[in-house]
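Single-structure report; data block below.
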Amino acid sequence: MVKLDIERFGQYEFEDGITLKEIITALEGEGKKIKGAVGGLLDNQIIDFHTPIRKGGKLKFLTRKDPESLEILRHSLAHILAQALKEIYGDEKVHLGIGPTTEHGFYYDVEVEGKRLTEEDLPAVEEKMREIIKRDCRIEREELPRQEALELFEKKKEIYKLDIIKHQIPEGEPISVYKQCDFIDLCRGPHLPSTGEAGAFKLVSLAGAYWRGKEGNPMLQRIYGVGFWTEKELKKYLNMLEEAKKRDHRKLGKELELFTITEDVGGGLVLWLPKGAVIRNEIENAWKEEHTKRGYQLVYTPHVGKEQLWKTSGHVDFYRENMFPEMYIEEEGYFVKPMNCPFHVEIYKNRQRSYKELPIRLAELGTVYRYERSGVLHGLMRVRGFTQDDAHIICREDQVEEEIKKVLQLVLDTLKSYGFDQFQVFLSTRPEKSVGDDKMWELATNSLKKAIESVGLDYEIDEGGGAFYGPKIDVKIKDAIGRMWQCSTVQFDFNLPERFDMYYIGEDNQRHRPYMIHRAIFGSIERFIGVLLEHYAGLLPLWLSPVQAKVIPVADTHTPYAREVAQRLKDAGLRVEVDERSERMNKKIRDAELQKIPYMLVVGDREKDTGTVSVRTKKKGNIGVFTIDEFIDRAKQLIETKSTEL
RNA sequence: GCUGGCGUAGCUCAGUCGGCAGAGCAGGUGAUUUGUAAUCACCAGGUCGUGGGUUCAAGUCCCACCGCCAGCUCCA
């Protein structure tokens with residue numbers, strides 16, 4: 001018998017090996033209503049209607065509304081894809097590899113004998129898949145004895161499935177196959193009750209993949225698909241992809257001349273062009289100002305340091321594969337820094353510290369270099385040289401809680417000022433292997449928890465997901481098209497204070513080990529600007545816009561007045577350009593629009609005679625005539641408040 | 001790093017079966033003097049990613065390398 005604690009229905013006992021489907025029948029027999037279930041969650045594991053339940057636990061029915069149910073849908077879509085291929089190219093010609101789910105869909109690795117699939121083949125496969133869905137094949141699960149399974153797949157010439165059975169499924173473990181119409185596949189599940197319940201999908205791409213991902217093994221073809229319950233959700237996702245393409249920061253960076261990454265300099269190394277540098281400068285200035293206000297002390301540290309320093313910190317032993325290789329000067333080894341922490345520790349240790357001067361908060365926009373494998377580099381998002389908005393807080397035990405709260409408040413205030421107001425917070429706790437004693441971990445983890453609760457945010461706990469040297473909070477932000485980006489991190493470090501023997505002299509005239517907190521708000525300035533560009537689709541808030549206003553003379557004769565206007569605005573601290581080209585006004589407006597310049601100030605005879613400007617904004621079009629001072633006041637006010645309005 | 005796709009003018013891209021390297025935009029010059037998203041004409045711009053090979057002939061076919069893009073993997 002298995003004991004189940006069923007959500008909404010209470011405690012039940014069933015025969016060993018009962019399936020979800022039978023449970024539903026039983027419950028409905030008692031007059032209970034279970035609407036729209038497509039699967040279940042047994043102790044957080046997704047199960048389908050077919051799988052025998054052999055151990056008790058907490059059971060919850062999954063409907064299409066539960067995100068976990070997509071797993072079932074997508075798994076079945078992968079099977080439908082496999083079935084379609086078999087029906088098109090012949091049962092014995094198609095050799096199936098594996099067909100798992102992905103974040104938004106699924107894929108199946110296959111080999112079609114005597115045929116190399118191309119993108120052009122995909123529509124026909126999709127068509128066949130739709131037909132199979134329409135056929136509404138009942139999906140059934142069966143468990144086979146090992147020998148029988150081997151014979152079955154031998155007969156079907158499923159060489160890869162045989163490989164899985166022989167090498168991946170231990171003797172004695174049940175071997176399950178799923179059947180739908182004439183199609184039968186080795187699979188662990190979970191699956192839908194029938195193919196007719198499969199939702200909306202699209203095959204999106206084709207790539208090669210070695211069997212088991214190992215070079216030297218035969219190469220299969222991997223067909224990727226995306227899948228959702230409804231046509232609407234699928235469309236939404238595809239639209240999001242379209243939209244994301246349009247706002248791709250790499251494209252915007254090129255079009256707006258913000259930054260460039262060239263082969264000559266090297267992959268993952270960013271050159272900031274003048275306009276991009278303006279954005280970065282504004283962000284850095286605001287950052288410095290805010291940190292100074294909140295009691296941080298700004299420091300600068302070098303880009304390289306001696307080998308011994310990185311040995312003491314542990315980087316040479318634990319982080320070396322991410323570091324640029326060592327270099328030698330006068331027979332002494334040096335490393336380019338992958339992190340700023342050891343330098344900040346040295347700054348702390350510059351002299352003996354008293355308990356009276358804690359907390360010490362050291363902040364730096366420190367550029368670090370890390371070796372990232374070439375395949376992972378991606379515009380500004382993943383680079384080899386980037387600037388951390390780094391700070392280390394060194395404090396006493398009795399200050400920990402207050403400090404963490406302050407950090408989190410600063411994180412939220414800052415992110416909100418850039419227009420982000422939806423967050424996901426993760427608290428990662430102690431992993432198996434770790435340093436530091438229980439008391440420290442408990443105090444640190446609790447203060448992180450309390451801080452999140454004090455700012456009123458929801459959070460998820462990643463049990464055991466902390467670094468070996470301390471627990472942490474990660475904050476992700478949601479952008480305008482719903483994507484989440486990891487930015488901020490607040491991390492305890494019980495390791496470095498020990499390794500560097502950091503201490504302060506307490507009231508008792510004894511040495512004490514301080515707590516050290518490592519934190520960043522943006523994480524990486526480069527990446528954050530990438531996120532900003534995609535969030536705003538290139539139309540940045542006024543205070544960050546490289547060119548805030550373009551003065552557009554209607555004809556050449558108005559150029560002197562346009563220059564005069566520009567000078568007045570420059571004197572007021574605005575970033576202005578005059579379009580002096582001998583082009584038609586319409587062309588100048590178009591170009592300013594394409595450059596995503598927030599304000600276009602059209603000046604002709606009327607404006608010249610009255611000392612005004614005709615204001616056109618990127619968002620709202622022509623908003624009327626302003627005197628120069630009126631315009632300056634408006635712009636300055638919006639800049640001051642970091643407004644996203646124009 | 002792995003797999004697939006792609007590298008042609010500053011940018012976006014065309015280039016058929018192997019047969020004289022093209023267009024639009026950007027740039028330069030000149031004309032035009034314009035009222036809220038593209039005025040016209042002319043000019044210049046190329047080691048077709050790099051290196052080999054096949055061929056009478058290679059942007060095109062083959063091999064190797066480099067780079068970019070997508071996915072995977074990785075991300076104490």
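Every chain is numbered from 1 and lettered A, B, ... according to where its sequence line falls, protein lines coming before strand lines. Treat the numbers as computed from the prediction; the structure is a model and nothing was measured. Computed from heavy atoms alone, side chains included, the values below leave out hydrogens, waters and symmetry copies.
- Here the side chain of A:M585 is nearest to one of B:C11, B:C74, B:U36, namely B:U36.
- Nearest-nucleotide positions on RNA chain B for A:G379 and A:H315 put A:G379 closer to the 5' end.
- Heavy atoms of A:E583 sit under 4.0 angstrom from at least one base atom.
- When each of A:R606 and A:D591 is assigned the nucleotide of RNA chain B with its nearest heavy atom, A:D591 is the one assigned upstream, toward the 5' end.
- The A:R222 side chain lies nearest to B:C72 when the options are B:C75, B:U12, B:C72.
- Side chain of A:M339, nearest nucleotide from B:A37, B:G35, B:A76: B:A76.
- With respect to A:R513 and A:D501, a salt bridge is recorded, a charged nitrogen being found less than 4.0 Å from a carboxylate O.
- Atom P of B:G35 sits at a distance of 43 Å from the matching atom of B:U47, rounded to the whole Å.
- Remark: the A:N586 side chain and the B:U36 base include no donor-acceptor N/O pair separated by less than 3.5 Å.
- Under a 4.0 Å N-O distance rule, the pair A:K550/A:D591 does not qualify as a salt bridge.
- The same atom, P, is picked in B:A26 and in B:A41; the two are 13 Å apart, to the nearest Å.
- Among the protein residues, A:H378 comes within range of the sugar-phosphate backbone only, with heavy atoms under 4.0 Å from sugar or phosphate atoms but none that close to a base.
- Aromatic ring centres of A:F106 and A:F201 lie farther apart than the 6.0 Å criterion allows.
- Residues passing the side-chain hydrogen bond (donor to acceptor under 3.5 Å, both in side chains) test with A:R74: none are found, sequence neighbours excluded.
- Contacts of A:T102 with the nucleic acid, taken as non-hydrogen atoms under 4.0 Å apart, are absent.
- Rounded to a whole angstrom, the distance from the P atom of B:C62 to that of B:U55 is 16 Å.
- On the P atoms, B:G30 is 33 Å away from B:C13, given to the nearest whole Å.
- Between B:G7 and B:G19, the two C1' atoms lie 24 Å apart (nearest whole Å).
- Salt bridge A:E364/A:K337: present, at least one basic N to carboxylate O contact under 4.0 Å.
- Nearest nucleotide to the A:E593 side chain, out of B:U34, B:A37, B:A76: B:A37.
- Nucleotides B:G45 and B:A21 have their C1' atoms positioned 13 Å apart, rounded to a whole Å.
- For the OP1/OP2 pair of B:A37 and a distance below 4.0 Å, the side-chain nitrogens and oxygens of A:R616 include at least one atom meeting the criterion.
- Of the P atoms belonging to B:U60 and B:G49, the separation is 8 Å, rounded to the nearest Å.
- For B:A70, one of the phosphate oxygens OP1 or OP2 lies less than 4.0 angstrom from a side-chain nitrogen or oxygen of A:R250.
- Ranking B:A37, B:C25, B:U34 by closeness to the A:K587 side chain, first place goes to B:C25.
- Here, B:G51 and B:U32 have their P atoms 48 Å apart, quoted to the whole Å.
- Nucleic acid contact class of A:K254 (heavy atoms, under 4.0 Å, all strands): sugar-phosphate only.
- Nucleic acid contact class of A:Y107 (heavy atoms, under 4.0 Å, all strands): none.
- Nearest to the side chain of A:R590, among B:A37, B:C74, B:G35, sits B:A37.
- Here B:U36 is the nucleotide among B:C11, B:U36, B:A76 with the atom lying nearest to any side-chain atom of A:I589.
- With sequence neighbours excluded, no residue forms a salt bridge (Lys or Arg N to Asp or Glu O under 4.0 Å) with A:E111.
- Nearest to the side-chain atoms of A:E263 among the listed nucleotides B:G67, B:C72, B:U34 stands B:G67.
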